[in-house]
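These notes are about the structure you will find just below.
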Protein chains: 2
Amino acid sequence: MISEKTIERLSQYRHFLREFLKENVDHVSSSTLAERCHGQSAQVRRDLMEMGYRGKSTRGYDVEDLLAAIGSYLDRPGGEKVALCGIGNLGRALLTYFQGSLSNLQVVAAFDRDPHKTGRVIHGCRCFDIEMVEKVIAEQGIQVAVIAVPGPDAQRVADRLFAAGIKGLLNFAPTPVRVPPKTYVEHMDMTMALEKVSFFTRQLAPARGAPK
Amino acid sequence: MISEKTIERLSQYRHFLREFLKENVDHVSSSTLAERCHGQSAQVRRDLMEMGYRGKSTRGYDVEDLLAAIGSYLDRPGGEKVALCGIGNLGRALLTYFQGSLSNLQVVAAFDRDPHKTGRVIHGCRCFDIEMVEKVIAEQGIQVAVIAVPGPDAQRVADRLFAAGIKGLLNFAPTPVRVPPKTYVEHMDMTMALEKVSFFTRQLAPARGAPK
DNA sequence: AGGATACTGTGAAAACATTCACAATCATCA
DNA sequence: TGATGATTGTGAATGTTTTCACAGTATCCT
Ligand SMILES: NC(=O)c1ccc[n+]([C@@H]2O[C@H](COP(=O)([O-])OP(=O)(O)OC[C@H]3O[C@@H](n4cnc5c(N)ncnc54)[C@H](O)[C@@H]3O)[C@@H](O)[C@H]2O)c1
Ligand SMILES: NC(=O)c1ccc[n+]([C@@H]2O[C@H](COP(=O)([O-])OP(=O)(O)OC[C@H]3O[C@@H](n4cnc5c(N)ncnc54)[C@H](O)[C@@H]3O)[C@@H](O)[C@H]2O)c1
């Protein structure tokens, strides 16, 4: 099984390959790509090897071809339909963000329990009452969801989502959620992220006047 | 040097310890804590060992005492002042979020280049024009910043922040930024996160009718 | 008091991830 | 055409993180 780290880097390589494409660069070497990503060239080569890609040697990788290869490896053919639960401050920001970026991911349905927030169409995404969640997910065959409801509601909403057939979840609530086996969950904890930054900042740059 | 993973988990342990405290649980064993975190008890013990904590044996860890120990290890004494750049959809959501959660982190200044967004005070945080960034950061001695400006502006804003004396950065822009040595940056890439969920969802739960 | 119990702390093993280092490859050019 | 040089693909080495497994220790119970 391929490692999470490799998948993250492939997504990152794609980002930079798109930039290279815009700059009309048609070939990149592993070292050029590594430089942009702040990594090692051997890492780049090994990652591509992991996904079974073989570049034409001596000229580096063909940007367009490699982009296509990463795409066909990472992306669900036909696009990944995503459900969003919680249309509050964060939920609305996420909607704007994901609908704006042209990508393989498309938020096709959003859910909230507040009737003021449902019934509309935001950025091409229909907003439903949370009570519709099972029906809409089944009808559309949605497999991936995002949770942006308050912490205390997160587990309950997650349970409903998995019961409805969701297989993968991106959770923004501060509470980690328990999920059934054979499903995948990613927890984006911004407090943790900022605490980490705060901690390592102190490690690297101790207070003014501190020793060594 | 302590590992990032360990710091992340310590932050997570803290979350659950607070819950235990609310439930009037006064002692937890490494295995109870591990269970909540979906991890191994040996991992918990080793993490606490890493930060130099010794529990009283046989009854597990004293919840209050351990919370205090994690706090004094992770948190900057007196609180960490944070600057936020970009008061758009995401920036405002983040402001609400961080100011709402009682924690050691406090967003004390926000910056934007749009004059409609500056001059106000949002959730106790003053909003300045980006041109004031050097002055405010120096005056307040801010060391940690969050970037929530559009991708194409991220590098420029980051450069200014580091020039102004910032040592740690949490970057929400989709473009990774280059930073000076002896500083720390964490890149929260939500597209990458969702792509990862999409990918592993397919690995674990292949399309209906797919083989095996 | 002494033995049973439940837990920690940690060395050592295992698993995993990264980096090194070099033979193999192929465009290019004299 | 054949030597040159840049670049890949990958086995092996190294480094890091997690897990195992158990000796040691404090508490509880009889
Ligand atoms: N705002 C941020 O920047 C931010 C950052 C990190 C994490 N978070 C987390 O993301 C979540 C949402 O944050 P927010 O700022 O958007 O909060 P919010 O209160 O603005 O929005 C929450 C939304 O969820 C809806 N909701 C509540 N219970 C529901 C349920 N059972 N089913 C469906 N919808 C329900 C509410 O009606 C509301 O619209 C919270 O868990 C928060 O901790 C937010
Ligand atoms: N909205 C989301 O949920 C989301 C999710 C992930 C990542 N992001 C990223 O976060 C960033 C912000 O997203 P957003 O949705 O809030 O965008 P937005 O356009 O709503 O807000 C951007 C803000 O930055 C300000 N700004 C622009 N250039 C600036 C500069 N040089 N100095 C100071 N301020 C400047 C703008 O005036 C605006 O207020 C983007 O990079 C986006 O890709 C957003």
Side-chain angles (χ1 to χ4, degrees), chain A residues 1-13 16-17 20 25-70 73 176 184 187 192 196 199-200 203, chain B residues 1-13 16-17 20 25-70 73 184 192 196 199-200 203:
Chain A
M1 175 62 113
I2 198 156
S3 90
E4 294 201 11
K5 292 284 190 68
T6 294
I7 297 300
E8 287 177 15
R9 283 188 299 260
L10 286 175
S11 172
Q12 184 135 152
Y13 299 155
F16 287 109
L17 287 168
F20 281 120
V25 177
D26 57 356
H27 285 83
V28 281
S29 66
S30 54
S31 38
T32 314
L33 197 47
E35 203 186 301
R36 291 256 180 142
C37 298
H38 209 287
Q40 298 292 119
S41 68
Q43 182 79 82
V44 172
R45 295 198 297 277
R46 190 162 290 273
D47 287 334
L48 301 187
M49 189 180 112
E50 294 283 303
M51 76 169 199
Y53 184 79
R54 317 293 310 259
K56 336 269 187 299
S57 122
T58 80
R59 305 296 288 136
Y61 302 99
D62 180 291
V63 174
E64 220 161 329
D65 186 62
L66 179 51
L67 259 175
I70 295 179
Y73 187 73
Y184 184 86
H187 181 204
M192 178 196 290
K196 208 165 68 163
F199 178 84
F200 285 108
Q203 297 292 298
Chain B
M1 173 63 113
I2 198 155
S3 90
E4 294 201 11
K5 291 285 190 69
T6 294
I7 296 300
E8 287 179 15
R9 283 188 300 259
L10 287 174
S11 172
Q12 183 134 154
Y13 300 155
F16 287 110
L17 288 168
F20 281 120
V25 177
D26 58 355
H27 284 84
V28 280
S29 66
S30 55
S31 38
T32 314
L33 197 47
E35 203 186 302
R36 291 256 181 144
C37 298
H38 209 287
Q40 297 294 118
S41 67
Q43 182 79 82
V44 173
R45 295 198 297 278
R46 192 162 289 273
D47 286 335
L48 301 187
M49 189 181 114
E50 293 284 301
M51 75 168 199
Y53 184 79
R54 316 294 310 259
K56 336 268 186 298
S57 124
T58 79
R59 307 293 287 134
Y61 303 98
D62 181 292
V63 174
E64 221 162 328
D65 187 63
L66 179 51
L67 258 176
I70 295 179
Y73 187 72
Y184 184 85
M192 178 195 290
K196 207 164 69 162
F199 178 84
F200 284 108
Q203 297 292 298

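Residue numbers start from 1 in every chain, and the chains themselves are labelled A, B, ... in the order their sequence lines are given, proteins ahead of strands.
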Distance, rounded to the nearest Å, where [X] contributes [atom1] and [N] contributes [atom2]:
X: Glu50(B); N: dG11(C); atom1: CD; atom2: P; value: 12 Å
X: His27(B); N: dT5(C); atom1: NE2; atom2: C1'; value: 16 Å
X: Glu35(A); N: dT7(D); atom1: CD; atom2: C1'; value: 15 Å
X: Asp65(A); N: dT8(D); atom1: CG; atom2: C1'; value: 15 Å
X: Glu4(B); N: dT18(D); atom1: CD; atom2: C1'; value: 17 Å
X: Ile2(B); N: dT16(D); atom1: CD1; atom2: P; value: 14 Å
X: Lys5(A); N: dA15(C); atom1: NZ; atom2: C1'; value: 14 Å
X: Tyr13(A); N: dT8(D); atom1: OH; atom2: P; value: 12 Å

For [X] against [Y], the heavy-atom pair lying closest together:
X: His27(B); Y: Gly60(B); value: CD2-O, 4.1 Å
X: Ile7(B); Y: Phe199(A); value: CD1-CE2, 3.4 Å
X: Met51(B); Y: Leu66(B); value: CE-CD1, 4.2 Å

Got a second to check how far Ser30(B)'s OG is from Asp47(B)'s CG, nearest 0.5 Å?
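Rounded to the nearest 0.5 Å, the OG-CG separation comes to 11.0 Å.
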
Using a 4.0 Å heavy-atom cut-off, does Ser30(A) contact any base of the nucleic acid, only the sugar-phosphate backbone, or nothing at all?
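The residue Ser30(A) makes sugar-phosphate contact but no base contact.
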
Just call it for Ser31(A): base, sugar-phosphate, or nothing, with non-hydrogen atoms closer than 4.0 Å on any strand.
nothing

Contact check, residues 36-49 of chain A vs DNA chain D, heavy-atom distance under 4.0 Å, returns Arg45(A), Arg46(A), Met49(A)

Whether each nucleotide of nucleotides 23-30 of chain C has a protein heavy atom under 4.0 Å at its base (B), only at its sugar-phosphate (S) or at neither (-) is summarised, 5' to 3', as --BBS---

Contact check, side chains of Leu48(B) and Leu10(B), non-hydrogen atoms, under 4.5 Å:
yes

Using side-chain heavy atoms (C-beta onward) and a distance below 4.5 Å, is Leu33(B) in contact with Phe20(B)?
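A side-chain contact exists here, since the closest heavy-atom pair is under 4.5 Å.
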
Give a yes or no on whether Glu64(B) atom CD has more than 12 heavy-atom contacts from other residues, nucleotides or ligands under 6.0 Å away.
no

Within a radius of less than 6.0 Å around CD of Glu35(A), do more than 12 heavy atoms belonging to other residues, nucleotides or ligands occur?
no

Give the ring-plane orientation class for Phe200(B) versus Tyr184(A), where under 30° counts as parallel, over 60° as perpendicular and anything between as tilted.
parallel

Is Arg54(A) close enough to dG9(D) that one of its side-chain N or O atoms is under 4.0 Å from OP1 or OP2 there?
yes

Does a side-chain N or O of Tyr61(B) approach OP1 or OP2 of dG9(C) to a distance below 4.0 Å, or not?
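Affirmative; the distance criterion is met.
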
